[in-house]
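Working notes, structure below.
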Amino acid sequence: MAILPVLVTPNPILRRKATLVSVVDVHIKKLLKDLEETMVAEDGIGLAAPQVGVSKRVLVMDVPANMTIDGEEMEGVDADQNLYRMVNPEIIWVSDELSTCQEGCLSVPGQYASVTRPEKVRIRYLNEKGIVCETEFNHLQAACVQHEMDHLDGKLFVDYLSSMKREILLRKAQRVER
Ligand code: NI
């Protein structure tokens with residue numbers, strides 16, 4: 001495994017649409033491990049392959065299932081399944097209910113903003129064994145998986161803001177020392 005450098009805005013790779021993975025082979029398995037190790041090293045809750053310069057539809061996330069969007073722990077929710085490794089994830093259902101979460105991104109260092117997204121989503125993806133899985137996410141996991149999937153389409157959380165606010169945050173992010 002390896003810790004990879006995380007690209008920051010305005011790197012053009014972050015704005016590219018990532019390509020589908022044809023087969024979950026040893027290279028993709030290594031990429032998943034490297035993403036996981038880099039996410040842990042950077043103290044992130046999710047990381048998408050384009051953020052380490054690999055324009056493929058691959059992501060990892062590690063958010064406790066019992067975590068609300070405000071980062072509070074909920075009682076009575078199983079927190080065991082936290083780490084997800086996803087290849088070619090697709091959104092197959094979203095709830096009508098929306099929820100607003102304070103988001104940040106390793107590729108937009110030091111900047112945070114409220115983003116409103118569907119509260120629940122159902123995702124179909126291949127896991128690290130290449131098996132098709134379907135999982136419904138809510139709370140902070142739902143916000144995180146949608147944020148990471150945006151990276152696969154070259155989209156950053158600041159794109160949900162007004163153009164003026166977006167420009168301010170992107171400019172500030174470029175001045176942050178990493
Ligand atoms: Ni991000």
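As the structure lists them, so they are numbered: ligands from 1, and atoms in each ligand from 1. In what follows, every heavy atom counts, from backbone to side chain, and hydrogens, waters and symmetry copies are set aside.
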*asked:* Main chain of V63, side chain of Q141: is a donor-acceptor contact present, judged purely on distance under 3.5 Å?
replied: yes

*Contact list for residues 1-16, test side-chain hydrogen bond (donor to acceptor under 3.5 Å, both in side chains), sequence neighbours left out*: R15-D159

_Metal environment of the Ni ion (ligand 1), protein N/O/S under 2.8 Å_ = C105 SG, H147 NE2, H151 NE2

*Is there a donor-acceptor contact under 3.5 Å linking the side chains of S114 and T100?*
no

_Heavy-atom pair with the smallest gap, counting every atom of L14 and L7_ = CD1-O, 4.0 Å

_If we count only N and O atoms by modelled type, under 3.5 Å, do the side chains of N127 and Y84 hold a donor and an acceptor together?_
no

*Is N138 reaching over with its side chain to a backbone N or O of K120, donor-acceptor style, under 3.5 angstrom?*
no

